[in-house]
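See below for the structure under consideration.
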Protein chains: 2
Amino acid sequence: MGIIRHTKSVKSLIQAFNESENAISVAVLLKRFKEDMNKTTVYRILDRMEESGVLHSFIGKDGDRWYSKYTENTSASSTISHPHFQCDSCGKSECLTLDINIPPLPNHKVDSASLLLIGQCQDCLIEITQ
Amino acid sequence: MGIIRHTKSVKSLIQAFNESENAISVAVLLKRFKEDMNKTTVYRILDRMEESGVLHSFIGKDGDRWYSKYTENTSASSTISHPHFQCDSCGKSECLTLDINIPPLPNHKVDSASLLLIGQCQDCLIEITQ
DNA sequence: AATATAATGCAACTTTGATGCAATAAGATA
DNA sequence: TATCTTATTGCATCAAAGTTGCATTATATT
Ligand SMILES: [Mn+2]
Ligand SMILES: [Mn+2]
Ligand SMILES: [Zn+2]
Ligand SMILES: [Zn+2]
């Protein structure tokens, strides 16, 4: 196991996540840093940041991967990972602190869960109302 | 909107789903029918079968798509679609009739959910115990 | 400053899935 | 049964997403 170096590229990624309230999809990150670094580099930095526990990832409604930094709320919420929300209108995804109870599942051992709620986010609800 | 023809290829797919208790991933279907039909045909038949309401699909833990036929239990379980289970050991996925309650989410409108429980299936639990 | 090696860029490659179009075959009609 | 209509398929081609090997570069340590 090696040390993670604080390179220019790594700093850019960290900044992007610090500036964002919500999760960021790989597709968006690749576009955003297209001029600054190779796509291979983006993928590899995300891998490292997740492995080192700075970020976590989840699968969006269309099977695409999203990354988000950990916060006090989303960090150790439970053994089973916290749920996420993805907006059907604008596509953005957020980490949720919502506590979803998983009833016991006979004849199975449930270790984790990928819980994605889908609908309209606050911004998009306001837009519709107006 | 046209009529869905009961072709040789369509029959093969229907048979595959009728013979299977669990969901089947696109990857597995492509391999299984590699000799029998073009991959484009597999994709197109799955699209049609889902659109016509014979099958439904969901996203697996690695972002890959799975298909399964509807049953009395999984059909109209609720507005929010029923949960699924994917085994971390053997990779297979199943539809669940388990009822998972989603608490109200302030400032959001939740229309559907993608709920995937991950762990060990019955077969794999037995294997470990022995 | 010199060194060790983690990180990056680049090219090549694989995988997955979509698309346009000509050929085929299912099902309806006569 | 023969004919007809068009839904479906095969095939070639393409695009997007992601991976890998390796030479080069940049970071952190001494
Ligand atoms: Mn999260
Ligand atoms: Mn199902
Ligand atoms: Zn929105
Ligand atoms: Zn299993």
T40(B), nearest nucleotide to its side chain (from dG9(C), dA12(D), dT8(D)): dA12(D)
Nearest listed nucleotide, side chain of I45(A), among dG17(C), dT8(D), dT8(C): dT8(C)
By nearest-nucleotide position on DNA chain C, the 5'-leaning member of M37(A) and R5(B) is M37(A)
What's the separation between atom CG in N38(B) and atom OH in Y43(B), rounded to the nearest 0.5 Å? 10.5 Å
Here the distance between atom C1' of dT19(D) and atom CG of L46(A), to the nearest Å, is 15 Å
Would you call K61(B) and D88(B) a salt bridge, using N to O less than 4.0 angstrom? yes
Interatomic distance, N38(A) CG vs dA23(D) P [rounded to whole Å]: 17 Å
Can a salt bridge be assigned to the pair D111(B) and K109(B) using a cut-off of 4.0 Å between side-chain N and carboxylate O? yes
Contacting residues from residues 49-64 of chain B, given that a heavy atom lies under 4.0 angstrom of DNA chain C: none
What is the distance, rounded to the nearest whole Å, between atom CD of E35(B) and atom P of dG10(D)? 13 Å
Under a 3.5 Å distance rule, please check whether S20(A) uses its side chain to pair with a backbone N or O of F17(A) as donor and acceptor. no
So does E50(A) have more than 12 non-hydrogen atoms from other groups sitting under 6.0 Å from CD? yes
Interatomic distance, I4(A) CD1 vs dA6(C) P [rounded to whole Å]: 12 Å
Rounded off to whole Å, could you give me the CG-to-C1' distance for the L13(A) and dA7(C) pair? 13 Å
Rounded to whole Å, the CG-C1' distance (D36(B) to dT9(D)) equals 14 Å
Check this one for me: any side-chain N or O of T7(B) less than 4.0 Å away from OP1 or OP2 of dA26(C)? no
Indicate, with a heavy-atom threshold strictly under 4.0 Å, whether S9(A) touches base, sugar-phosphate, or nothing. sugar-phosphate
Write down the atom of L13(A), the atom of M37(A), and the distance for their closest heavy-atom approach. CD2-CE, 3.6 Å
Can you tell me if the side-chain N/O atoms of R44(A) get under 4.0 Å from OP1 or OP2 in dA7(C)? no
Between dT16(C) (C1') and K39(B) (NZ): distance, integer Å: 7 Å
Between dT27(D), dT19(C), dT9(D), which nucleotide has the shortest distance from any of its atoms to the side chain of K8(A)? dT27(D)
Residue that, paired with S114(B), satisfies side chain to side chain contact (heavy atoms under 4.5 Å, CB included) out of L116(A), L115(A), I59(A): L116(A)
Tell me the interatomic distance from H6(A), atom NE2, to dT8(C), atom P, rounded to whole angstroms. 11 Å
